[in-house]
There are 2 protein chains.
Amino acid sequence: MATIHDVAKRAGVSRSTVSYALSGKRTISRETRERIEEAIRDLGFTPNAGARALKTSQTLVIGLFVHFFEDEFSPAMLQYVLPISDAAREAGYDILMVTETDGPKALKRLSSSEMVDGVILLNVAHEDARLPVMRSIRQPGSMVGLPKDTDGFDVFDLDWDESGRVLVDHLAALGHTDIVLVTPREDVAARGGAYSWRLKNAALERAAEHGMRVHLFHGETQQPAVNEQLGAILDAKLGTAMIVHNDAVIAALPSVLHARGVKVPDDLSVVGIFSEEFGRLFNLPYTAVETSPEQLGRRAVRALVQRMTNPEYADPHRVELIAPEIVDRGSTR
Amino acid sequence: MATIHDVAKRAGVSRSTVSYALSGKRTISRETRERIEEAIRDLGFTPNAGARALKTSQTLVIGLFVHFFEDEFSPAMLQYVLPISDAAREAGYDILMVTETDGPKALKRLSSSEMVDGVILLNVAHEDARLPVMRSIRQPGSMVGLPKDTDGFDVFDLDWDESGRVLVDHLAALGHTDIVLVTPREDVAARGGAYSWRLKNAALERAAEHGMRVHLFHGETQQPAVNEQLGAILDAKLGTAMIVHNDAVIAALPSVLHARGVKVPDDLSVVGIFSEEFGRLFNLPYTAVETSPEQLGRRAVRALVQRMTNPEYADPHRVELIAPEIVDRGSTR
DNA sequence: ATCGTCAATCGAACCGATTCGACGAATACA
DNA sequence: TGTATTCGTCGAATCGGTTCGATTGACGAT
């Protein structure tokens with residue numbers, strides 16, 4: 001493997017000259033630079049990442065912490081990972097993806113061995129065990145998911161409270177007074193998935209203001225439980241409309257509705273909350289609040305890159321809750 | 001950040017002693033070792049990855065190349081990524097995940113900057129542009145997906161030819177003579193996704209031997225096209241059984257069958273090819289060949305680790321095609 | 001008492017980059 | 001013509017580990 005020394009020898013200059021030609025931090029004569037560039041091409045030289053990191057304390061790697069929970073619908077996670085990976089590369093960073101169950105330990109390991117310049121946490125819980133560790137390390141952190149204490153991080157999330165209100169308002173405006181609300185499984189709330197209760201509480205409160213009756217269910221996540229539960233809910237005919245905040249349930253909804261001959265929106269109005277891409281993947285013809293995973297992921301990367309490249313950058317940490325936008329797919333009336 | 005020098009000072013020994021205590025490559029007295037371990041704990045020391053990599057030319061990182069194609073069903077990919085990530089970590093490796101479109105370029109970059117000790121390629125095409133690059137680099141490579149020329153790599157894949165035969169035989173044994181075969185989209189074959197034509201050709205050949213009539217379709221991948229096409233196929237009533245080799249189509253199948261009131265297996269026998277996990281996620285009650293993504297991913301990691309830790313390990317490269325196993329879910333008769 | 005062996009430790013070199021200070025040559029200024 | 005400035009380049013130090021002799025002291029054998 002060619003080193004900078006080989007390049008220098010071939011171009012007849014010193015190692016430092018090659019380095020300066022590469023970084024442009026000092027002026028190098030045109031001829032010399034061209035000779036160096038040729039040598040680089042000939043030898044197929046790329047700076048050794050370890051050596052560079054050692055000297056500059058910069059790895060150009062972002063640690064991405066993804067935790068796949070059994071009580072969540074895994075395909076949904078991918079929507080966040082891909083845009084993050086793409087955005088990182090555009091900014092010149094690679095992604096070290098960590099799926100370890102023991103997040104805090106892994107975080108400490110990557111940080112203190114200086115393998116990464118910064119960290120992105122996905123699916124952050126209300127009191128996330130990774131946060132204290134994050135605060136103790138020197139690398140900046142960006143996250144998707146709103147924790148209780150956001151101090152020290154750039155945080156991006158959908159405004160789940162407002163989403164709950166928007167969905168309820170939408171149904172209220174159409175005159176519905178009896179509705180079913182299907183939330184994530186209880187485990188999600190138990191382990192601190194704040195989005196689950198944020199939307200729920202806001203929705204319940206707003207529904208109360210409207211004087212609506214709400215029938216609440218914690219949706220299942222694994223088949224065949226999903227279908228059974230959903231079937232039971234439909235058979236009970238508890239309301240004229242349904243809010244579904246559960247990826248697994250909404251993905252299963254079309255076939256279950258079909259099985260029961262329930263027509264949407266004639267027999268039942270349905271609203272959900274999922275991304276456009278998710279909706280297309282599962283062919284979901286439901287009016288829904290857009291969750292914008294791509295936008296969230298990209299913003300998290302942008303904020304992180306800002307702080308990594310600019311350590312003295314001392315802007316207050318931002319907490320951005322993006323406003324829910326409802327996409328009308330005609331599943332309500 | 002604490003360095004080995006700080007540890008040495010605090011324990012009152014030289015740096016080399018600390019290093020040997022850590023690696024165990026030379027004997028260190030019990031007392032000294034304990035003093036060192038205490039110092040390490042106190043300072044929260046972890047060896048700097050860059051420095052270590054520089055000296056040992058070992059990064060303990062595996063490059064994982066994933067390409068998400070638009071003509072494929074993305075959730076299916078995740079099934080390979082997660083087991084690989086887990087298996088790697090168990091072996092002490094981290095995963096650098098690359099989703100770049102320009103695979104060859106990224107491969108060269110990671111390899112020649114020595115960021116990774118080895119590489120795993122997912123979804124390898126028949127004539128994959130990444131392979132020539134792989135052969136030119138010094139890091140070993142392992143892959144999931146069978147290319148035309150496997151020379152120089154450890155390759156793992158499902159035996160798609162045999163899978164095609166198994167599925168046809170299964171239907172033949174039940175007396176079906178007219179069957180529908182839904183394959184991946186034509187683009188998949190066009191860009192070299194060998195699994196698409198391997199299964200198809202083997203199935204067609206075997207069907208011919210049985211004297212069966214086969215109606216062939218290239219399945220769509222994106223909704224709503226999937227449903228439309230599937231509906232049209234069902235309406236045409238072309239056979240008594242159906243082989244579906246297309247993730248998007250099979251995921252959509254239950255609801256489309258329902259919509260048309262087609263009963264499985266009474267009106268139509270159905271067999272597919274997907275993993276147990278995929279089937280559970282989408283609640284697919286179909287007899288199918290198991291694709292074993294977890295097993296494939298883990299084997300790829302194991303083989304790679306073998307070669308990385310043992311560079312002189314010169315065993316012939318293995319090409320393992322795992323034998324298809326049909327899981328009977330009662331969707332045929 | 002002497003030698004060899006072994007366990008425990010140290011010092012120095014090295015991995016491959018970056019970067020600071022210095023230096024010679026060319027140019028500008030007075 | 002002498003001096004200051006700029007340009008282009010080089011040498012050496014450094015980042016934080018690992019590893020190869022070398023060294024020291026204790027012990028057993030002769």
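So you know, we letter chains A, B, ... as the sequences are listed, proteins then strands, and number each from 1.
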* Asked: Is a donor on one side and an acceptor on the other found under 3.5 Å between the side chain of A:D157 and the backbone of A:L321?
  -> no
* **Check: A:S275 main-chain N/O paired with A:T291 side-chain donor or acceptor under 3.5 Å** => yes
* Structure fact -> Between A:I84 and the options A:L304, A:L296, A:L122, A:V66, the side chain to side chain contact (heavy atoms under 4.5 Å, CB included) test singles out A:L122
* Asked: Which part of the nucleic acid does B:T32 contact within heavy-atom distance under 4.0 Å: base, sugar-phosphate only, or nothing?
  -> sugar-phosphate
Just checking, any donor-acceptor pair under 3.5 angstrom between side chains of [X] and [Y]?
{"X": "A:R302", "Y": "A:Q306", "answer": "no"}
{"X": "A:D117", "Y": "A:T59", "answer": "yes"}
{"X": "A:S14", "Y": "A:T17", "answer": "yes"}

* Sugar-phosphate atoms are those with a prime plus P, OP1 and OP2; base atoms are the rest. Using that split, label each nucleotide of nucleotides 10-18 of chain D B, S or - for protein heavy atoms under 4.0 Å, 5' to 3'. => BB--BBBBB
* Structure fact -> When rounded to whole Å, the CZ to C1' distance for the pair A:R30 and D:dC7 reads 16 Å
* Between C:dA17 atom P and A:K9 atom NZ, what is the distance in whole Å? -> 13 Å
* Asked: Which residues within residues 34-42 of chain B lie with some heavy atom under 4.0 Å of an atom in DNA chain D?
  -> none
* Asked: Should the pair B:D151-B:R135 be classified as a salt bridge under the 4.0 Å nitrogen-to-oxygen rule?
  -> no
* To do: Please check the phosphate of D:dT9 (OP1 and OP2 only) for any side-chain N or O of A:S29 closer than 4.0 Å.
  => yes
* Which residues share a ring pair (Phe, Tyr, Trp, His ring centres under 6.0 Å) with A:Y80, sequence neighbours left out -> none
* Non-neighbouring partners of A:Y93 that pass ring pair (Phe, Tyr, Trp, His ring centres under 6.0 Å), sequence neighbours left out -> none
* For A:K148, side-chain hydrogen bond (donor to acceptor under 3.5 Å, both in side chains) partners two or more places apart -> A:E127
* Between the two ends of the helix from C:dA1-D:dT30 to C:dA30-D:dT1, what is the bend in degrees, rounded to 10 degrees, where each end axis spans five pairs? -> 50°
